[in-house]
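In what follows, residues are counted from 1 in the order of the sequence shown.
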Amino acid sequence: MNKHQDHILDVHLNPNVKELKPSATVAINDLSNELKRSGRDIFKLGLGQSPFPVPEPVAEALRENAHQKDYLPVKGLRELQQAVAEHHKRTFGLHVDPDDVLIGPGSKELMFLLQLTYFGDLVIPSPSWVSYAPQARIIGRDILFLQTQFENDWHLMPEELEKLCFLDRERFRLLILNYPLNPTGTTMTEQHLKELAEVAERNRMILLSDEIYAKIHHEGTHKSIVPFYPEGTIFSGGLSKWCGAGGWRLGVFVFPRPLRWLLDAMAAVGTETFTSTSAPIQYAAVRAFQEGPEIEEYLKRSRRVLKALGNHIADKLAACGVKIRSPHGGFYLFPDFSPFREKLAERGIQNNSEMCRRLLEDTGVAILPGSDFGRSPEELTARLAYVDFDGRAAIESLESLADSTPLEEDFLKRQCGNVLEAIDRICNWINP
Ligand code: GLU
């Protein structure tokens, strides 16, 4: 090899990605699968993937559209933009023009494009989803974490946001809120949303409202923040969580009319990066956003299972002495093991990553440390995704059960046995 080739092979990375590791959610899934393949009993509570199948009418629409092979417009298939606009009108009572809708290959990619395109600091509560901050780091934006507390259900308080703005009212900022919240499963009241919206509006922040878990609010009563700050809020959603279609990679942003310049700029970047979102998937997504009785029934059953399971395991963990909030939506819990700090320290466990690493090693239960969600490493919090069960079997088994029948422990043991076993293992591990 001559000197020149040698130089070409030198590690020469963009400084912004030098420290970048694979995303925690993706990495824990890969590790869990690898351990499973090697023959270990693994309880996959790491990646937040819907346990439910794609609803049949939507799967059927995908089969019917397998032949769609042309590139589509970068902003999305017209019928899909229309279906999303109508869905928005039905759900939130807000008029949306199909031109305000941007379709992308997953809302994660759209979030990255937004952060790249908008030139402002990223403001996020802690805890919040694993990828908002790394995306800002890759792009080179400043990040401001605003701390939240267990006592407030882990939600950002309006005073905290106001305090930040007070420091410098001139800065351009992008605030990302997410509820029902990944990683805690808790959601915000309408009053809370109103107050946050007022602060964001007064301070002319752009608000990205990540409502990807809206339809799996356990009571089906999710409220959007969009109507409280309509000119400055971008709504983010997609098929991954409510439609069991994470691997389909279909994300949706709905923009307010005054932010059309931002939509257009993101779309221009889209033409230079992904060109257009998968055509068959977009055709099938039209069917998903049209909803109808079959999809409504599917959602009702999904919520029923998630609610019963989430509450049951939160109660179990609380009974074992773990600090925990019961969930309002989605499929996450955010247990705080700090009551076991001394006992864990005796076993050489001082921080949340070591705690999760040892838990996986000793019990086969895979969960993610709170530090992946912006919490301090010393805080003994972790995120648990209660998704390791066969969602198809669970919702099929509800066919013969009256709506009023509570889903008790024997149902959960039968349908979600792995999750219950994982919780038992966690309890035995912290209380040996
Ligand atoms: N949102 C899911 C999670 O938090 C997985 C998808 C992802 O992180 O890309 O686990």
Side-chain angles (χ1 to χ4, degrees), residues 28-29 32-33 35-36 39-53 55 180 183-186 213 216-220 241-242 244 297-337 340 356 359-368 382-432:
I28 191 75
N29 196 41
S32 304
N33 289 339
L35 292 171
K36 246 185 141 152
R40 279 205 58 187
D41 250 0
I42 298 296
F43 300 83
K44 291 180 62 181
L45 311 189
L47 177 71
Q49 163 156 272
S50 166
F52 302 108
T184 68
T186 51
Y213 299 95
I216 44 172
H217 181 295
H218 294 169
E219 308 294 338
K241 310 302 177 184
W242 71 268
E297 179 61 25
Y298 161 92
L299 278 171
K300 209 170 81 190
R301 290 189 196 178
S302 308
R303 291 181 195 125
R304 195 168 162 204
V305 174
L306 292 174
K307 179 182 168 185
L309 180 60
N311 283 312
H312 180 80
I313 61 175
D315 290 351
K316 278 233 153 167
L317 286 165
C320 294
V322 175
K323 255 176 100 180
I324 195 153
R325 286 281 176 228
S326 293
H328 305 131
F331 32 64
Y332 304 111
L333 293 177
F334 199 60
D336 178 354
F337 295 91
F340 299 89
C356 292
L359 178 73
L360 177 60
E361 197 173 288
D362 297 346
T363 67
V365 177
I367 59 175
L368 285 173
R383 187 194 78 173
L384 181 163
Y386 49 94
V387 295
D388 190 356
F389 63 94
D390 180 349
R392 182 186 296 277
I395 55 178
E396 276 172 11
S397 75
L398 290 182
E399 221 148 311
S400 51
L401 267 188
D403 284 359
S404 54
T405 314
L407 304 184
E408 312 237 346
E409 188 161 3
D410 56 334
F411 172 91
L412 297 172
K413 267 200 181 130
R414 240 183 358 262
Q415 299 300 337
C416 315
N418 255 11
V419 178
L420 266 55
E421 170 68 21
I423 301 302
D424 280 346
R425 288 186 181 211
I426 294 175
C427 288
N428 293 334
W429 185 77
I430 48 173
N431 283 309

(message) Donor-acceptor check, side chain of H218 to backbone of R304, threshold 3.5 angstrom: yes or no?
(response) no

(request) Tell me, with the steps shown, if E421 and D41 meet side chain to side chain contact (heavy atoms under 4.5 Å, CB included). (result) CA-CA 11 Å; E421 170 68 21; D41 250 0; over 6 Å; no

(message) I need the L317 CG to D424 CG distance, nearest 0.5 Å.
(response) 9.5 Å

(request) Flag the pair F340 / V322 as yes when at least one side-chain heavy-atom distance between them is below 4.5 Å, and no otherwise. (result) yes

(message) List the residues meeting ring pair (Phe, Tyr, Trp, His ring centres under 6.0 Å) with Y386, not counting sequence neighbours, and say none if there are none.
(response) none

(message) For a side chain to side chain contact (heavy atoms under 4.5 Å, CB included) check, start with the C-alpha distance between V305 and F52, then their side-chain angles and the critical distance, and finish with the verdict.
(response) CA-CA 10 Å; V305 174; F52 302 108; 4.2 Å; yes

(message) Can a donor-acceptor pair be found, under 3.5 Å and without considering hydrogens, that links the side chain of R40 to the backbone of E361?
(response) yes

(request) For the pair R383 (side chain) and T184 (backbone), establish whether a donor and an acceptor sit closer than 3.5 Å, ignoring hydrogens and angles. (result) no

(request) For the pair F389 and L309, evaluate side chain to side chain contact (heavy atoms under 4.5 Å, CB included) and give the outcome as yes or no after the intermediate values. (result) CA-CA 11 Å; F389 63 94; L309 180 60; 3.6 Å; yes

(request) Nearest 0.5 Å please: distance from the CZ atom of F331 over to the CG atom of L306. (result) 7.0 Å

(request) For residues K300 and D403, determine if any side-chain heavy atom of one lies less than 4.5 Å from a side-chain heavy atom of the other. (result) yes

(message) Could you check whether E396 pairs with R301 (Lys NZ or Arg NE/NH1/NH2 to Asp/Glu carboxylate O, under 4.0 Å)?
(response) no

(request) Measure the spacing between CG of L360 and CG of L35 and express it to the nearest 0.5 Å. (result) 5.5 Å

(request) Can you measure from CD1 (I28) to CG (L45) and round to the nearest 0.5 angstrom? (result) 9.5 Å

(message) Please give me the minimum heavy-atom distance between L333 and P327, naming the atom from each residue.
(response) CD2-CD, 3.6 Å

(request) Have a look at I313 and tell me which of L412, L420, I426 forms a side-chain contact (heavy atoms from CB on, under 4.5 Å) with it. (result) L420

(request) Answer yes or no: does atom CZ of R392 have more than 12 heavy-atom neighbours from other residues, nucleotides or ligands under 6.0 Å? (result) no

(message) Would you say that K241 contacts I216 through its side chain, given a criterion of any heavy-atom pair below 4.5 Å between the two side chains?
(response) yes

(request) Compare every heavy atom of P53 with every heavy atom of I395, then report the nearest pair and how far apart it is. (result) CD1-CD, 4.1 Å

(message) When you compare the side chain of K316 with that of E409, does any pair of heavy atoms fall below 4.5 Å?
(response) yes

(request) Indicate the atoms forming the closest heavy-atom contact of A385 with G48, along with that distance. (result) CB-CA, 4.1 Å

(request) For A314 and I324, work out which heavy atoms get closest and say how close. (result) O-CG2, 3.5 Å

(request) Please check if the side chain of N431 supplies one atom and the backbone of C320 the other of a donor-acceptor pair under 3.5 Å. (result) yes

(message) Could you check whether any side-chain heavy atom of V387 comes within less than 4.5 Å of a side-chain heavy atom of K44, counting everything from C-beta outward?
(response) no

(message) To the closest 0.5 Å, what do you measure between CZ (R325) and CG (D336)?
(response) 11.0 Å

(message) What's the separation between atom CZ in F411 and atom OG1 in T405, rounded to the nearest 0.5 Å?
(response) 10.5 Å

(request) Might you work through the side chain to side chain contact (heavy atoms under 4.5 Å, CB included) test for K307 and E219, ending with a clear yes or no? (result) CA-CA 8 Å; K307 179 182 168 185; E219 308 294 338; 3.1 Å; yes

(request) Side-chain contact test, heavy atoms from C-beta onward, threshold under 4.5 Å: evaluate it for I423 versus L384 and give yes or no. (result) yes

(request) May I ask you to test the N428-T363 pair for a side-chain heavy-atom distance under 4.5 Å? (result) no

(message) If I compare all heavy atoms of L368 with all of C356, which pair ends up nearest, and what's the gap?
(response) C-SG, 3.7 Å

(message) So which atom in A366 and which in S32 form the shortest heavy-atom distance, rounded to 0.1 Å?
(response) CB-OG, 3.5 Å

